[in-house]
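Below: the structure, in structure tokens.
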Amino acid sequence: MSIDRKSRLLTICFVLQIFISTVNSQAEVWLSTGDSLIKLVRQGDIGGSGPIGGNTIDVDRNQQFQDIKGFGAALSNSAAFLLYNSPDREAILNDLFNTNTGIGLSYVRLVMGGSDFNAVSPYTYDDATYEDFNLDQFSIAKDRDFVIPVLRDIIRINPEVRIMASPWSAPAWMKDSWTLYGGTIRSESQYLASYAEYFVRFIRDYQAEGIQIDTLTLQNEPEHSTGGYPTMLMPWDVQRDFIRYHVGPRFRQEGFSTQIIIWDHNWDASWYPMNVLGDPEANQYIGGTAWHCYGGNRYDPLTVNKAYPNKDMYFTECSGGEWDTHFGSVLGWNTQNLFIGQTRIGSRTVLLWNLALDENHGPIVDVSGCTNCRGVVTIPSWGGHEKNVEYYSLGHFAKFVRPGARRIWSATYEAEELESVAYQNPDNSVVVVVANVAWGETTKTFQVLIDGVYYYYQNLPSRSVITLIKR
């Protein structure tokens, strides 16, 4: 080979190396702005560089924390009814769950029967009018009307989806009130044994429908009782004994992989899960603790996390509503407190409340609960669907952070109102979400440092969010 030809080949190889290096150092950027003019839209890719200026959000793959199960919302009876009956059902479900054309939601909280959002009269799976300790009247038939068909569609669209089940009430005959609307679970052994069998039957029957239950919370909001919709008090010592003597041993006997999750109520009452976890016999059966946003602050679960680091954390409910309709306000609060805030302290999920509601914040039948809640999407009676701010805040995470991702260390600047969280996906891509949670005209300029390469971002507007993906 001549010297000239060798020289040309070396030059071509050198140029190709530069080109490949440049391509490999590119990072995708998706943006939502607080003024709602840009909502989860891909921007121009950012090329890697040396340090330029501004706060540095350093990302360290070597410092790894919890793995992520998913992001999503609840399939209430109302949401399932709307999705099932919508002529745009396939399009809506793809917008919610498709990983390519939608936001790829990956975790669903299934309401077991009645709650404050019911399109039919609230029910449980054993609405006997007598003490049916043998569960002769047990049936999930009502779920087959529209709940199970929607779940099957969701799993068909995104087979990665996992399901958490949560009851708002035990059957009325298991309660001191003999009604679904408020009251307390009976603590005598025969009631708790039947209730444990109730959960066993539920999981078995759902398995027979081809639907696996990943996690089960024993009671939604066990410190709340009202006559307006299905609720039930389950004192901490009753929950402890229920796990210790009944549902824990039965799940183990059945060989279920379903994890038992306790609490499922507000941030501000860590004493409840601390008491339940403090019993060694109950502790052995408990997979983790679930939290809601309606009381306390985002750091409160740390009390439990630090005391029991071997137990998982789940964030399972927070609703948007007409009390705050400002896009930037909701986007900033949700991103800061829920999606960044909860995963930075160890949560494996972040779930919002209703997947879908109609234009009247329903439908609701025979219940009186929240009258101005907002779903992730709105499905109005005239057809179509509207993507609400919750859709976009979820999308910045669910679309890019896949099940099995691990949270990794990233610098964050709370005092300067520039917050971040980072994850490494199973394919080794890195996802970094950065939020400017300041108000007013305060923009933020910063650089994200991944694997020794800086990605510079200039003038992120207030109450705005970017997701940066380094593949």
Side-chain angles (χ1 to χ4, degrees), residues 39-40 70-123 140-166 206 209-211 229 317 319-322 325 351-367 369-395 398-399:
K39 296 186 282 191
L40 196 61
F71 301 92
L75 188 67
S76 64
N77 186 270
S78 297
F81 178 87
L82 289 169
L83 289 163
Y84 181 78
N85 288 290
S86 172
D88 303 308
R89 170 174 159 190
E90 190 73 9
I92 299 169
L93 289 174
N94 271 284
D95 276 349
L96 289 165
F97 293 97
N98 192 297
T99 57
N100 296 313
T101 62
I103 57 172
L105 299 183
S106 50
Y107 214 91
V108 170
R109 184 173 179 230
L110 170 64
V111 176
M112 293 176 61
S115 73
D116 44 333
F117 284 92
N118 267 75
V120 300
S121 188
Y123 61 90
I140 63 167
K142 289 185 179 180
D143 281 9
R144 295 191 182 103
D145 291 343
F146 49 84
V147 174
I148 287 173
V150 169
L151 278 174
R152 284 177 171 161
D153 281 349
I154 288 169
I155 294 167
R156 170 178 55 81
I157 291 168
N158 184 356
E160 288 186 312
V161 167
R162 296 186 188 184
I163 296 165
M164 167 183 282
S166 300
Y206 259 76
E209 298 287 340
I211 298 169
Y229 58 91
E317 186 181 317
S319 184
E322 293 305 302
T325 59
L351 311 178
L352 302 183
W353 190 194
N354 290 280
L355 265 173
L357 292 175
D358 65 19
E359 74 275 20
N360 298 312
H361 315 288
I364 53 173
V365 173
D366 295 337
V367 294
C370 181
T371 59
N372 58 354
C373 283
R374 183 173 56 235
V376 175
V377 297
T378 297
I379 303 177
S381 55
W382 52 84
H385 66 289
E386 177 185 353
K387 300 170 184 174
N388 295 319
V389 59
E390 289 79 11
Y391 177 92
Y392 298 102
S393 57
L394 272 165
K399 186 174 179 64

Checklist entry - Ile364 and Asp116: side chain to side chain contact (heavy atoms under 4.5 Å, CB included), yes or no, with the steps? => result CA-CA 7 Å; Ile364 53 173; Asp116 44 333; over 6 Å; no
Checklist entry - Just by modelled atom types, is the Thr101 backbone N or O under 3.5 Å from a matching donor or acceptor in the Lys399 side chain? => result no
Checklist entry - Quick one: side chain to side chain donor-acceptor pair (under 3.5 Å) pairs with a partner in residues 75-87, sequence neighbours left out? => result Ser76-Asn354
Next on the checklist: Just so I know, are the side chains of Leu105 and Leu355 near enough to count as touching, which here means a heavy-atom distance under 4.5 Å?
Outcome noted: yes
Checklist entry - What heavy-atom pair brings Pro363 and Ala119 nearest, and what distance separates the two atoms? => result CG-CB, 3.7 Å
Checklist entry - Heavy atoms, side chains only, cut-off 4.5 Å: are Leu394 and Leu96 in contact? => result no
Next on the checklist: Could you check whether any side-chain heavy atom of Ile148 comes within less than 4.5 Å of a side-chain heavy atom of Ile140, counting everything from C-beta outward?
Outcome noted: yes
Item to check | Asp153/Arg156 ion pair, N-O < 4.0 Å | outcome: yes
Checklist entry - CG/Asn360 to OG1/Thr371 distance, rounded to the nearest 0.5 angstrom? => result 11.0 Å
Next on the checklist: In the structure I gave you, are the side-chain heavy atoms of Tyr206 and Asp143 within less than 4.5 Å of one another anywhere?
Outcome noted: yes
Checklist entry - Within a strict 4.5 Å, meaning less than it, do heavy atoms of the Thr99 and Asn158 side chains meet? => result yes
Next on the checklist: So if I apply the side-chain contact (heavy atoms from CB on, under 4.5 Å) rule between Phe117 and each of Tyr229, Phe81, Trp353, which one comes out positive?
Outcome noted: Trp353
Checklist entry - Can you find a heavy atom in the side chain of Lys39 that is under 4.5 Å from one in the side chain of Lys387? => result no
Checklist entry - Is any side-chain heavy atom of Glu90 closer than 4.5 Å to a side-chain heavy atom of Ile157? => result yes
Next on the checklist: Is it true that Asn388 and Thr378 share a donor-acceptor pair across their side chains at a distance under 3.5 Å?
Outcome noted: yes
Next on the checklist: Between Ile163 and Ile154, is there a side-chain heavy-atom distance shorter than 4.5 Å?
Outcome noted: no
Checklist entry - Nearest heavy-atom pair of Gly383 and Asp88: which atoms, and what distance? => result C-OD2, 4.0 Å
Checklist outcome for this item: Minimal heavy-atom distance between Val150 and Ala80, with the atoms involved, is CG2-O, 3.6 Å
Item to check | Minimum heavy-atom distance between Val365 and Ser121, given as atom pair plus value | outcome: CG1-N, 3.9 Å
Item to check | Exercise: identify the closest heavy-atom pair between Leu352 and Glu390 | outcome: CD1-CB, 3.6 Å
Next on the checklist: Please check this pair: side chain of Asn118 against backbone of Ser115, looking for a donor-acceptor N/O pair closer than 3.5 Å.
Outcome noted: yes
Next on the checklist: Between Asp95 and His385, is the side chain to side chain donor-acceptor pair (under 3.5 Å) condition met? List the steps.
Outcome noted: CA-CA 10 Å; Asp95 276 349; His385 66 289; 2.7 Å; yes
Checklist entry - Is it true that the side chains of Ser381 and Glu359 contain a donor and an acceptor less than 3.5 Å apart? => result yes
Checklist entry - Got a salt bridge between Glu386 and Arg374, using NZ or NE/NH1/NH2 to carboxylate O under 4.0 Å? => result no
Checklist entry - Among Pro380, Cys370, Cys373, which one satisfies side-chain contact (heavy atoms from CB on, under 4.5 Å) with Leu357? => result Cys373
Checklist entry - At their closest point, which heavy atom of Gly362 faces which heavy atom of Leu82, and how far apart are they? => result O-CD1, 3.6 Å
